[in-house]
Amino acid sequence: MDKNFTLIDIEKWKRREIFYYFSHIAPTTYSVTSNLDITRMMKVLRDHDLKFFPSFLWLSTTIINRHQEFRVAIKDGKVGYYDTLTPFYPTFHDDDKTISMLWTEYSPSLSEFHEAYLEKKKLYGENKGFLGLRGATPPENAYTISVLPWLSFSSFSLTSSSPSPYFFPSIEGGKFIREDDKIIFPLSITSHHASTDGYHVAEFYREFQEMADDFSLFLS
């Protein structure tokens, strides 16, 4: 999938002053957690023998790739954005309780992405070490996304001591919550205020809920 990097014309960029303030004067990241109803989505997945995690990766990445603000980065000292982001996610090793990171190139086709994920899991899912793809380097357009299936939460936040600015979102899901006949999914997004505001995060949640409610539309 194309991951071209497009430079932003800083002088004409509508976020110029906001970006400068929150990246240079007062560097700020923030986390938001919201509960989403995935009852309808889970029924579709069960009916079509699809796994939740790759479907979640695809849904989240589809929304992110609709919004330039989530794809902002600095490359070679220049501000720009990638055409698409690629999910960079952990695989859990039950024997020693460690994780290894994998990635699957994004495809706008749910079925193609789901199949590619399963193939990657089959080939590299048992490899130990930080990177499951030994000798490979994560793509420069990779963003971090995961699910914590052992714990539900009402709040989740990430901190980083890296001096390098990181503007991609980080997404973390939690253990499902059963409420009567509903399946509730706690979902957290950590974002950099230089590239995104509360509006963009709210749009992510709104679109996620809409897509989860009508998930059958994305089957092919």
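On a predicted model such as this, the values are computed, not experimentally measured, just so you know. Numbering starts at 1 and runs along the sequence shown.
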Do the side-chain N and O atoms of [X] and [Y] include a donor-acceptor pair separated by under 3.5 angstrom?
X: His114; Y: Ser55; value: no
X: Thr190; Y: Ser31; value: yes
X: Thr91; Y: Tyr124; value: no
X: Tyr30; Y: Ser157; value: no
X: Glu69; Y: Ser195; value: no
X: Glu207; Y: His67; value: yes
X: Thr6; Y: Tyr82; value: no
X: Tyr143; Y: Thr61; value: yes

Quick one: do Asp95 and Lys128 make a salt bridge, cutoff under 4.0 Å?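 Between Lys128 and Asp95 there is a salt bridge, with a charged N closer than 4.0 Å to a carboxylate O.
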Any ion pair linking Glu203 and Arg206 (charged N to carboxylate O, less than 4.0 Å)?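 Answer for the salt bridge query: yes.
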Might you confirm whether atom CG of Asp180 has over 12 heavy atoms from other residues, nucleotides or ligands at distances under 6.0 Å?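 At most 12 heavy atoms, drawn from other residues, nucleotides or ligands, come within 6.0 Å of this atom.
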State whether the number of non-hydrogen atoms from other residues, nucleotides or ligands found under 6.0 Å of Lys12 atom NZ is greater than 12.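 Check fails, neighbour count at 12 or below.
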Between [X] and [Y], is there a shared hydrophobic cluster once you connect ILVMFWY residues whose side-chain heavy atoms come closer than 4.5 Å?
X: Ile184; Y: Phe204; value: no
X: Ile8; Y: Ile18; value: no
X: Val201; Y: Phe167; value: no
X: Leu187; Y: Trp150; value: yes
X: Met211; Y: Ile171; value: yes

Going by side-chain contact (heavy atoms from CB on, under 4.5 Å), Pro90 matches just one of Ile145, Thr98, Ile99, Val147. Which one? Ile99
Centres of the [X] and [Y] rings: under 6.0 Å?
X: Phe19; Y: Tyr21; value: no
X: Phe185; Y: Phe52; value: yes
X: Trp58; Y: Tyr117; value: no
X: Tyr20; Y: Trp13; value: no
X: His192; Y: Phe22; value: no

Taking the side chain as every heavy atom from C-beta outward, state whether [X] and [Y] have any atom pair closer than 4.5 Å.
X: Asn65; Y: Arg71; value: yes
X: Thr104; Y: Thr86; value: no
X: Asn127; Y: Leu102; value: no
X: Leu45; Y: Met42; value: yes
X: Trp103; Y: Pro139; value: yes
X: Glu119; Y: Leu123; value: yes

Approximate separation, where rounding is to 0.5 Å, of [X] [atom1] and [Y] [atom2]:
X: Leu110; Y: His48; atom1: CG; atom2: NE2; answer: 10.5 Å
X: Ile189; Y: Thr33; atom1: CD1; atom2: OG1; answer: 9.0 Å
X: Glu210; Y: Leu59; atom1: CD; atom2: CG; answer: 11.0 Å
X: Ser111; Y: Phe113; atom1: OG; atom2: CZ; answer: 12.0 Å
X: Thr39; Y: Arg178; atom1: OG1; atom2: CZ; answer: 8.5 Å
X: Glu112; Y: Ser107; atom1: CD; atom2: OG; answer: 4.0 Å

CA sep, side-chain torsions, deciding dist, call: Tyr89, Ser146, side chain to side chain contact (heavy atoms under 4.5 Å, CB included): CA-CA 6 Å; Tyr89 53 86; Ser146 182; 5.8 Å; no
On a heavy-atom basis, which atom in [X] and which in [Y] lie closest, and how many Å separate them?
X: Asp96; Y: His93; value: OD1-CB, 3.4 Å
X: Ile38; Y: Phe176; value: CD1-CE2, 3.6 Å
X: Val44; Y: Leu219; value: CG1-CD1, 3.8 Å
X: Asp37; Y: Asp213; value: O-OD1, 4.1 Å
X: Pro186; Y: Lys175; value: CD-O, 3.3 Å
X: Pro169; Y: Phe70; value: CD-O, 3.2 Å

Residues passing the ring pair (Phe, Tyr, Trp, His ring centres under 6.0 Å) test with Phe208, sequence neighbours excluded, are none
With Phe153 via ring pair (Phe, Tyr, Trp, His ring centres under 6.0 Å) - residues at least two apart: Phe156
Yes or no on side chain to side chain contact (heavy atoms under 4.5 Å, CB included) for Phe88 and Met101, after CA distance, side-chain angles and deciding distance? CA-CA 7 Å; Phe88 183 57; Met101 301 300 292; 3.4 Å; yes
Assess whether side chain to side chain contact (heavy atoms under 4.5 Å, CB included) is satisfied between Leu133 and Lys120, documenting all intermediate values. CA-CA 9 Å; Leu133 277 73; Lys120 187 84 52 99; 3.9 Å; yes
For the backbone of Lys78 and the side chain of Asp76, can you confirm whether one donor and one acceptor N or O come within less than 3.5 Å of each other?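 Not at all, since once roles are kept as given, no pair shorter than 3.5 Å links the two residues.
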Backbone of Phe5 reached by a side-chain donor or acceptor of Asp83 within 3.5 Å: no
Verdict with supporting geometry, Asp197 and Arg15, salt bridge (charged side-chain N to carboxylate O under 4.0 Å, His left out): CA-CA 10 Å; Asp197 303 317; Arg15 293 192 64 83; 2.7 Å; yes
Could you walk me through whether Phe218 and Thr62 pass the side chain to side chain contact (heavy atoms under 4.5 Å, CB included) check? CA-CA 11 Å; Phe218 309 107; Thr62 295; over 6 Å; no
